[in-house]
Structures are given as structure tokens and as C-alpha cells.
Amino acid sequence: MKQKTTSEEKPQVKSINAIPLKTAQNWTKRWRDKESSYNKYHELNAFLIPNVDLAEVLAEKGSDYVRAYIGVEKIAPTRKGEKPTYVEKLMFVATQFNSETGIYEDMITDGIGSATNEQEGIYDFSQPCPPNGDPNTPLNQ
């Protein structure tokens with residue numbers, strides 16, 4: 001659900017981990033395009049998420065639930081001749097129930113394709129596991 005905002009209604013506080021909609025769209029498309037063979041070549045068991053960042057998405061006014069999207073960020077090589085690397089991403093969007101449609105709709109604000117990370121309502125603060133996982137957890141045994 002897009003929330004229409006005016007410049008007077010925009011919050012003054014910048015989110016630490018908000019990302020632009022265009023970035024989220026690129027990451028989710030890359031995940032969908034590569035997912036069929038992605039896990040054959042990459043190990044991904046979980047995501048490490050800071051508590052403070054979850055609080056940020058949970059604080060969205062009017063939110064009923066939070067939806068998580070899976071994406072892949074493409075990191076450009078730093079040296080000529082190297083291949084790009086890919087980092088798994090877990091993005092969160094607050095949702096609000098629409099009683100007319102019966103759907104929990106994403107609360108993504110206007111600013112589609114903007115270069116700033118403010119106001120979009122999409123949060124990326126995850127770190128893929130491995131390498132950031134617990135090697136001794138019974139969930140991966």
C-alpha cells in the first residue's frame with residue numbers, strides 16, 4: 001500500500017537501514033531470477049538481524065504485520081578482471097490490512113526509484129549466515 005505523503009508529513013528522522021525501492025526491486029528480482037539454481041552453489045541458512053533495526057520497522061505507524069522479502073545484492077568487483085560477488089539480503093516492509101481486499105498491503109511510501117534511503121519504508125539490516133551464523137546451533141545440524 002503506497003502512503004501518499006507531502007513534504008510537511010515526512011518524518012524528520014532518517015532511518016539507519018532504510019533502502020530505496022529501486023534497490024529492493026533489483027535485489028528481489030535478482031533473487032527470483034537466480035533462486036532456481038542459487039542454493040546449489042551458495043550456502044544460506046539464516047540471517048543475523050540487530051534488535052534495534054527490527055524495532056525500526058515495527059515502529060511504522062499503522063502497521064499490522066511485517067513482510068520479509070529475499071533478495072541478492074550484486075557487489076561490483078574492486079579490481080579489473082574479478083567477477084562480482086553476491087550477498088543475500090532480507091528486507092522488511094511494514095504492512096497494513098486492507099479490509100476491502102482482505103490483503104495485508106505493503107506500506108511503501110512514494111518515492112519510487114529515488115536515490116535516497118529515506119521515506120521508502122523498506123529496511124535492509126540483515127547479514128547472511130554463513131558467515132555470520134552460529135556454527136553450533138542445532139538448527140543447522
Quiz prompt | Approximate separation, where rounding is to 0.5 Å, of Q127 CD and E88 CD | solution = 12.0 Å
Quiz item: Partners of P84 by side chain to side chain contact (heavy atoms under 4.5 Å, CB included), sequence neighbours excluded?
Solution: K74, P77, Y86
Self-check item: For E100, all residues meeting salt bridge (charged side-chain N to carboxylate O under 4.0 Å, His left out), sequence neighbours excluded
Solution: none
Quiz item: Distance from I122 atom CD1 to Q25 atom CD, nearest 0.5 Å?
Solution: 7.0 Å
Quiz prompt | Considering all heavy atoms, the nearest C129-L48 contact | solution = SG-N, 3.6 Å
Quiz item: Which pair of heavy atoms, one from V72 and one from R30, lies closest together, and at what distance?
Solution: O-NH1, 2.7 Å
Quiz item: Atom CD of E73 and atom OG1 of T85: how far apart are they, to the nearest 0.5 Å?
Solution: 8.5 Å
Quiz prompt | Which atom of M91 lies closest to which atom of I70, heavy atoms considered | solution = CE-C, 4.0 Å
Quiz item: Does L58 have any side chain to side chain contact (heavy atoms under 4.5 Å, CB included) partners at least two apart in sequence or in another chain, and if so, which?
Solution: V66
Self-check item: Test side chain to side chain contact (heavy atoms under 4.5 Å, CB included) applied to D64 - qualifying residues, sequence neighbours left out
Solution: Q96, F97, Y104
Self-check item: Separation between CG of D124 and CZ of F92, rounded to the nearest 0.5 Å
Solution: 9.5 Å
Self-check item: Heavy-atom pair of closest approach, residues G133 and P135
Solution: O-CD, 3.4 Å
Practice problem: Sequence neighbours left out, what passes side chain to side chain contact (heavy atoms under 4.5 Å, CB included) with A59? Give chain and number order. | Solution: none
Practice problem: Considering non-hydrogen atoms only, spot the tightest contact between F47 and P128 and give its length. | Solution: CD2-CA, 4.0 Å
Quiz prompt | Which atom of V57 lies closest to which atom of A94, heavy atoms considered | solution = CG2-N, 3.9 Å
